[in-house]
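One structure below.
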Amino acid sequence: MIHEKLLKDLNPPQREAVCHKEGPLLVLAGAGSGKTRVLTHRIAYLARVHKVKPGRMLALTFTNKAAGEMKSRLQSLLADNTGLWIGTFHSMFARILRREAEYLGYAAHFSIYDTDDSQRLIKKIIKELPAEFGNLKPSSVQQGISRYKNDLRSAEEIKAHAVNPIERKVAQVYPEYQKQLKDNNAMDFDDLILKPMELFRAHPEVLERYRSRFSHVLIDEYQDTNRAQYNLVRALVDEHQNICVVGDDDQSIYGWRGADIRNILEFERDFEGVTTIRLEQNYRSTGNILDVAHAVVSRNTGRKPKKLWTEKPVGARPVILESIHELDEAEQIVMQSSAIRAQESITWREIAVLYRTNAQSRALEDAFRRASIPYRIIGGPRFYERKEIKDLLAYLKVIANPRDSNSLYRIINVPTRGIGPVTLSRLTSLANSRGESLYHILAEADQAEGLPDSIAGKVIDFHTMLEELRALSLTESASKVLTELIRLSGYEESLSELDTFEAQGRMDNIAELVGAAQEFSERFTPDNGATCLEAWMAETSLVSEIDFHDPEEDCVTLMTLHNAKGLEFPVVFIAGAEENLVPIVRAFEDTTGAALEEERRLFYVGITRAKERLFLSWAASRRRFSDILESGPSSFLRDIPEELIERHTSLTYRGASSRKLGFSFPGGRGSRPPIGAAPPILHPESTPLEKSSARPAAAGIIEPVFERDQGVDEPAYRKGERVVHNTFGSGTIVQVSPYLDDLKLSVRFDSGFTKKLMARFARLKRE
DNA sequence: CGGATTTAACTTTTT
DNA sequence: GTTAAATCCG
């Protein structure tokens, strides 16, 4: 029987969710409770048992990765899924928008702007506006407008309720921004949600088409939906109410992006006759890990009470790693990784290191590289956001969508071809006076006022080149257009002339982009008239690097906590579990406490990625920008009962024995015992602590001394100490900062100058 | 007027 | 350590 095959291996609540036939369904699925399983089995069950055609179902996710995972899992459950729409909110509605673009006065091949593109446009708009707009920061304006869009607030409404002059100004930029986006035949990410609503409101017959097409809508990660998405979905399902949402309020971590946690908390009020199913059995983590996770998240007030349970053994106790600074932390993580791999036959790919900010990846990366451990960083300075990639994509966007003046501005003089700001402003005024786009005016540059013939010639040459590429794009593949572009534009040539290490890196990135274009071109099949290039542009705007993550590759994975959502690893390290980092310092500015609760959920998400081993690591100091930031352990660590965890430390405690706690670097003196071989475990309550008089520590926070084991004959240096240097004479230490396995000292010498010295080489004597 | 060199600000998370 | 704006130079 079909039913049995689809239902076996499901627990009773999962089964209930899968079999539910009609009407609104809320599945509260805790971390690791098998929600993807429920969604895919439900789609298959609807198709095979309730005879719903796959083409009448719409499944929405937040990431391409989640969509891809669902698609691949469905393959074995439902052989024929033709017409089934599975994808991210953004890509599915972009698909609808391309089909219906003309209703909105757009062309089907509109550009999709990322945050950076939007900011460029906003910067330009601010310049064109009166001087009093000059104090607006493009990035904050962009964020503000994005927020207004997500919250469905109109410019008028904002103006009416503006609490400060800045908000009033942003409200004035907003409509101009929308107008220029349209002039550029471009939409930003938020428009991909907002415009379908406009479309449906203005053209009920179009809404009716999609309403009747999709008889069942399923949404993953419902806690991440914003108001706009809620309204959009609501418009689609209002008649039949066959909406199934899966989510977990404890994993809502995108509030800053406009996600409205109320959507999931109030689902039962928003729809009538809601069936609610709770999935509380966790199939991922050991008991101890779940207990730690619960200890953390249960401190939140705005949550639906629940507790995950597991049939798995309690497992190893999670470990708290304490380090002097981020280099030490990275070193500890590397050593623990190696030890675990050796002792528990774990592969590199089963280990993940998670952190709050991308900036933290550098120290970790260096440590893994030095240890010759393969690693892979997900996210970070994202591939598609690198300058050279964005430049080339801007070219391609112009070729696919010549009205995209914003992209044209970006590349008109990249590489430099003698078209500077003055020429550009002359061309722009000609375009404005004729009411044509910048691209079209390029061909008539010779008619621009005050433009010397020689320069006009360059402009026309540039236009001719783009026209050639455009012609090429109509018949040839995206990869062909790209390779020709790289050659004709002189982009590659200008880089190779630089002949620097950095330029080589950029060339490698370009080669990677060509590879991606080839890969796309090979799988491209023409549909509804789009060219290969147009289709590729549509896709690249909506993919992220994590989508290309190959789980087969035997590498340690490094990524942000946000990126880790939806993933799982046998061994998880959370690096930087410090106050001011997790939770991030800005969370304290929010007086409602909502931001702090979101930080706690983020930490919870990180913890629940772990299947067997969990390490929570914090460092007493951390290099940030050019100075050193000192902090104590995250307050979230204090929520964890001491008996659930172990501690490994390389901190030195004032008042503790002078014997340092087994910390050293490779090449240093002494060695750290491998884990499992009776590691030094330090319980703070058993350690005699002496409070520093300068900076009283909060209760329960260990006060570390920034000092490492220097060996017998190499004393540690302290700020304020008087020292003597062989050549420079005597002076005072004004700054001490750890650098690799040494200390970097700033010494102000009595002769008046300050010098930075490495402790190891300076050979300083005490005065 | 355009190109090159120097300076400054920057980092929370992302479709 | 990175990129865009500011300043300088040809």
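Computation of the quantities below employed the complete heavy-atom set of this structure, encompassing side-chain atoms and omitting hydrogens, waters and symmetry-equivalent molecules. All chains are named by letter (A, B, ...) in the order of the sequence lines, taking the proteins before the strands, and each is independently numbered beginning at 1.
Stacking is not found between A/Tyr254 and the pyrimidine-like six-membered ring of the B/dT14 base under the 5.5 Å centre-distance and 30° plane-angle cut-offs.
Checking the phosphate oxygens (OP1, OP2) of B/dT13, a side-chain nitrogen or oxygen of A/Asn358 falls inside 4.0 Å. For B/dT14, the OP1/OP2 oxygens have no side-chain nitrogen or oxygen of A/Thr115 closer than 4.0 Å. Under 4.0 angstrom from either OP1 or OP2 of B/dT15 there lies no side-chain N or O belonging to A/Asn226. Regarding contacts with the backbone of B/dT15, every side-chain N or O of A/Asn150 stays at 4.0 angstrom or more from both OP1 and OP2. For A/Asn413 and B/dG2, the shortest distance from a side-chain N or O to OP1 or OP2 is not below 4.0 Å. Here A/Thr416 does not reach the OP1 or OP2 of B/dG2: none of its side-chain N or O atoms lies under 4.0 Å away.
A side-chain contact (heavy atoms from CB on, under 4.5 Å) with A/Leu616 is found for exactly one of A/Val572, A/Val296, A/Leu637, namely A/Leu637. For the side-chain hydrogen bond (donor to acceptor under 3.5 Å, both in side chains) criterion with A/Tyr113, the lone passing option out of A/Asp404, A/Asp191, A/Asp188, A/Asp190 is A/Asp404. Put simply, the residue from A/Arg257, A/Gln229, A/Lys565 that forms a side-chain hydrogen bond (donor to acceptor under 3.5 Å, both in side chains) with A/Asp224 is A/Lys565.
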* Structure fact -> Under the rule of Watson-Crick or G-U wobble with both distances under 3.5 Å, where | means paired to another strand and [ ] a crossing pair, DNA chain B maps to |||||||||......

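Looking at heavy-atom distances under 4.0 Å, A/Phe189 makes contact with a base. At a threshold of 4.0 angstrom between heavy atoms, the contacts of A/Asp114 with the nucleic acid are absent. Using a 4.0 Å heavy-atom cutoff across all strands shown, A/Arg426 reaches sugar-phosphate atoms only and no base atom.
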* Sugar-phosphate atoms are those with a prime plus P, OP1 and OP2; base atoms are the rest. Using that split, label each nucleotide of nucleotides 3-10 of chain C B, S or - for protein heavy atoms under 4.0 Å, 5' to 3'. => SSS-----

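Distance from the side chain of A/Ile455 is smallest for B/dG2 among the nucleotides B/dG2, B/dT11, B/dT15. Listed candidates were B/dG2, C/dG1, B/dT15. Nearest to the side chain of A/Arg257 is B/dT15. Among the nucleotides B/dT11, C/dG1, B/dT15, the one closest to the side chain of A/Arg362 is C/dG1.
With salt bridges taken as basic N to acidic carboxylate O contacts below 4.0 Å, one links A/Asp114 and A/Lys390.
Of the residues in residues 87-94 of chain A, those placing a heavy atom less than 4.0 Å from an atom of DNA chain B are A/Thr88, A/His90, in numerical order.
Classification of the A/Phe462-A/Tyr395 ring pair by plane angle, with boundaries at 30° and 60°, yields perpendicular.
Cation-pi contact between A/Arg120 and A/Tyr409: absent, since separation from the ring centre below 6.0 Å together with deviation from the ring axis within 45° is not met.
The six-membered or imidazole ring of A/His90 lies away from that of A/Phe62, with a centre-to-centre distance of 6.0 Å or more.
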